[in-house]
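Here the structure comes first, spelled out in structure tokens, and everything after it is commentary.
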Amino acid sequence: MAEFRSEIRDSVIRDLAVKVKGSDYGAYLRRIRLARARAFSGETVDFEFPVTALIGTNGGGKSTILGAAAIAYKSIRPAVFFPKSSLGDESMRDWSLSYELIDKSKNPTQSIQRTARFRNAKWARDDLIDRHVLYFGINRTVPAGERREFKKFATINYKFAGSRSVMDKTVAEQVARILGKDVSKFQRADISGSQVFYSGGDGQISYSEFHFGAGESSVVRMVSQIEAAPTNALVLIEEIENGLHPVATKAMVEYLIDVAKRKAIQSVFTTHSEDALEPLPSEAIWSAIDGKARQGRVSIAALRAITGRIDQRMAIFVEDAFAKDWVESIIRHFLPDRMDEIGVYAVSGDGTAHAIHVSHRKNPAVAEKLKSVCIVDGNSKIHEDVVNGIVKLPGDVPEAEVFNYVREQITPLAMQLAVALHLSPEKDAWVRKIVESISISNRDPHLLFNQVGRAAGLIPANIVASAFIGLWLAGNVDKAKLIADFVAANLES
């Protein structure tokens, strides 16, 4: 599978993160503390990037966080997200949310604290701040032909008395980037001050919104409203991938990053799609699982493992993609017949891996059907606890451990490494020179295999890492077998 390359530059991601850190926004939601709301108790969510993804299994709490963000502001009624029924809603008693907000019109130098509480069968929100908030719920993907407000347009007696115009140029450009199609000839019909109906076409043949795809219609409407919104607005989207192809889902998230740069607009969305996460930095992703909020990149596959929604017998939680590749290679080498029973999941950091593992083991409904272990990097501050399923990988930094072994043995291993890199054996001297050069110039061990790949002719980093891991495994059987034996013992326990 080809590595995903975002059209958003790394420098843009960095600049946006710095802008949040410096509170360089006219209005911004910095933090929510869910003292009590549904399954949450004492959880905090920080918005360290202007586009935030909320992931989690159904019922995990991501929509609760989205709703909590919405009701921080005056324009959204709490009942939109948290309706109160007279039947069975006693659990809402004493719900409490607190916020850290930026609003330069209220306080140009410091953040503002606000609260929202549900007491005596109603919400109490103190000194509400007015901010433009756009909420796009699941019903945005309901086809136009099934929407009650558009039924009148399908009758022969309807007489259109409004105005029609070509779609705004910026809207058309952004929609085209998301959908991958030319929409420059699309038109909008302003039915009233609050109602718009669209038509598509190529300038020769036109068709109404009744014949749009659900995803096409929702993108047109979302982008139109976002582009019309003032700077520093807040955009909230339920299940951003609904109705969209995976490529369009990524492009939609890239659009939100772009509009954060252009208009200082903050966005929060929920998703079940890993494609939606790819353009985002790790700090922009929060997972909601059984009333716990955790920051960091967690794959959708890992989420399924966390909640036991997989067919495997064991989940191994590790810190990152390289640790995942390393552990999988060890298991493949020593436990080839057990590979189908084991899943290895990278969950962004030792703290996240440890917290998920501990939570997993404490949940009997999950632990009974899916065993869990945690394998952290050697330099992690988390202590090994073999009895409770926690061990460390050899060395300090995994990439450095594997690379340095090969570097120290590079003379006898150079030819094998060249072949493993899909080069001819005669390239051994050249490969040896590259490895020795990178060992001197490298400053960040996490980039070692990327640097070797570039120097060796743009070989993908995953191929380089696999080649080094294979050589490490052949020369470090005892170290590797300790990990394999640990996994096997927990599999049988």
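Residue Leu256 holds its CG atom at 10.5 Å from CD of Gln174, rounded to the nearest 0.5 Å. Rounding to the nearest 0.5 Å gives a distance of 8.5 Å between CD1 of Ile331 and CE of Met314. Taken from CD in Gln187 to OG in Ser208, the straight-line distance is 12.5 Å, to the nearest 0.5 Å. Note that CG of Leu34 is 5.5 Å distant from CG of Leu97, once rounded to the nearest 0.5 Å. In this structure, Ile102 CD1 and Gln266 CD are separated by 8.5 Å, a value rounded to the nearest 0.5 Å. Expressed to the nearest 0.5 Å, how far CD1 of Ile138 lies from CD1 of Ile237 amounts to 10.5 Å.
Side chain of Lys392 to backbone of Glu384: no donor-acceptor contact under 3.5 angstrom is found. Between the side chain of Ser217 and the main chain of Phe212, no donor-acceptor pair closer than 3.5 Å is present. In terms of modelled atom types and a separation under 3.5 Å, the side chain of Ser359 and the main chain of Ile356 share no donor-acceptor contact. A side-chain donor-acceptor contact under 3.5 Å links Lys263 to the backbone of Ile226. The closest donor-acceptor contact from the side chain of Asp24 to the backbone of Val20 lies at 3.5 Å or more, if one exists at all. The closest donor-acceptor contact from the side chain of Arg221 to the backbone of Ser218 lies at 3.5 Å or more, if one exists at all. With hydrogens and angles ignored, the 3.5 Å screen pairs no side-chain donor or acceptor of Arg313 with any backbone N or O of Ile342. Side-chain atoms of Asp377 do not come within 3.5 Å of backbone N or O of Pro398 as any donor-acceptor pair.
Cation-pi geometry between Lys19 and Tyr25 is satisfied (NZ or CZ under 6.0 Å from the ring centre, within 45° of the ring normal).
Under the 4.5 Å side-chain criterion, counting only non-hydrogen atoms from C-beta, Val318 is not in contact with Val376. Contact annotation: the side chain of His245 never approaches that of Leu179 to less than 4.5 Å [non-hydrogen atoms, C-beta and beyond]. Using a 4.5 Å cut-off on side-chain heavy atoms (C-beta onward), Leu101 and Tyr73 make contact. Proximity of Phe47 to Ile32: side-chain heavy atoms (C-beta onward) are separated by under 4.5 Å at one or more points. Side chains of Glu241 and Glu239 form a contact here, defined as non-hydrogen atoms less than 4.5 Å apart. Residues Ser267 and Ile265 are in side-chain contact: their nearest non-hydrogen atoms beyond the backbone lie under 4.5 Å apart. Contact check for Ile257 versus Leu280: side-chain heavy atoms found under the 4.5 Å cut-off. Within the 4.5 Å cutoff, side-chain heavy atoms of Leu29 are placed close to those of Tyr99.
If you check the side chains of Thr64 and Arg38, you find a donor sitting under 3.5 Å from an acceptor. Of the N and O atoms on the side chains of Thr115 and Arg117, at least one donor lies less than 3.5 Å from an acceptor on the other residue. Side chain to side chain, Thr109 and Asn107 meet the donor-acceptor criterion of an N or O pair below 3.5 Å. Judged by distance alone, the side chains of Glu227 and Thr170 never bring a donor and an acceptor atom under 3.5 Å apart. For the residue pair Glu100 / Ser111, a side-chain donor-acceptor distance below 3.5 Å is found, with atom types taken as modelled.
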Notebook entry, point to check: Can you list the steps and then say if Ser199 with Arg188 is a side chain to side chain donor-acceptor pair (under 3.5 Å)?
Noted result: CA-CA 6 Å; Ser199 60; Arg188 58 176 285 158; over 6 Å; no
Item checked: Worked verdict on Ser96 versus Asp94 for side chain to side chain donor-acceptor pair (under 3.5 Å) -> CA-CA 6 Å; Ser96 178; Asp94 295 329; over 6 Å; no
Item checked: Thr249 vs Asp275, side chain to side chain donor-acceptor pair (under 3.5 Å): CA-CA, chis, key distance, verdict -> CA-CA 6 Å; Thr249 298; Asp275 298 297; 5.9 Å; no
Next item on the list: Kindly indicate, with the supporting measurements, whether the criterion side chain to side chain contact (heavy atoms under 4.5 Å, CB included) is fulfilled by Leu16 and Val12.
Entry: CA-CA 6 Å; Leu16 287 172; Val12 172; 4.0 Å; yes
Note to self: Please evaluate residues Lys250 and Glu278 with respect to the criterion salt bridge (Lys or Arg N to Asp or Glu O under 4.0 Å), reporting the C-alpha separation (whole Å), side-chain torsions for both, the decisive distance (0.1 Å), and the verdict.
What the structure shows: CA-CA 7 Å; Lys250 295 173 187 174; Glu278 289 190 351; 3.2 Å; yes
Checklist line | Check against salt bridge (Lys or Arg N to Asp or Glu O under 4.0 Å), Asp127 and Arg114 | finding: CA-CA 7 Å; Asp127 193 16; Arg114 290 291 185 270; 2.8 Å; yes
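Here the closest heavy-atom approach between residue Val253 and residue Ala276 is recorded as CG2-O, 3.4 Å. The minimum heavy-atom distance linking Ser165 with Asp190 is given by the pair OG-OD2, 4.4 Å. Closest heavy-atom contact between Ala346 and Lys324: N-CD, 4.2 Å. Heavy-atom minimum distance, Ile13 versus Pro279: CD1-O, 4.0 Å. Taking both residues in full, the closest heavy atoms of Pro78 and Ile71 are given as CA-CG2, 3.5 Å, listed atom of the first, atom of the second, then distance. Taking every heavy atom of both residues into account, Arg297 and Ser348 meet most closely at O-CB, 3.1 Å.
Aromatic ring centres of Phe136 and Phe269: separated by at least 6.0 Å. Aromatic ring centroids of Trp95 and Phe82 lie under 6.0 Å apart. Aromatic ring centres of Tyr198 and Phe210 lie farther apart than the 6.0 Å criterion allows. Checked against the 6.0 Å centroid threshold, Tyr135 and Phe81 count as a close aromatic pair.
We find that Arg338 and Asp340 are not joined by a salt bridge, their nearest charged nitrogen and carboxylate oxygen being 4.0 Å or further apart. Residues Glu341 and Lys371 are not paired through a salt bridge, judged by the lack of any N-O separation under 4.0 Å between the basic side chain and the carboxylate. At a threshold of 4.0 Å, the pair Glu43-Arg33 does not count as salt-bridged, since none of the basic side-chain nitrogens sits closer than that to a carboxylate oxygen. The pair Lys381-Asp350 fails the salt-bridge criterion, with no side-chain N (NZ, NE, NH1 or NH2) lying under 4.0 Å from an Asp/Glu carboxylate O. Asp258 has a carboxylate O that lies under 4.0 Å from a charged side-chain N of Arg262, or vice versa, which qualifies the two as a salt bridge. A salt bridge does not link Lys62 with Glu238: every distance from a Lys NZ or Arg NE/NH1/NH2 to an Asp or Glu carboxylate oxygen is 4.0 Å or more.
Each of Asp325, Ile483, Leu335 was scored for a side chain to side chain contact (heavy atoms under 4.5 Å, CB included) with Ile330, with one residue passing: Ile483. The side chain to side chain contact (heavy atoms under 4.5 Å, CB included) test with Arg131 singles out one residue from Ile76, Asp103, Leu234, and that residue is Leu234. When the options Arg31, Gln295, Lys21 are evaluated for a side chain to side chain contact (heavy atoms under 4.5 Å, CB included) with Glu48, the one that passes is Gln295.
Using the six-membered ring where Trp is involved, Phe317 and Tyr345 have ring planes that are tilted, between 30° and 60° apart.
Dense packing is recorded around CZ of Arg147, with more than 12 heavy atoms of other residues, nucleotides or ligands lying under 6.0 Å away. Counted within 6.0 Å of NZ on Lys261, heavy atoms from surrounding residues, nucleotides or ligands total 12 or fewer; the atom is thus considered open.
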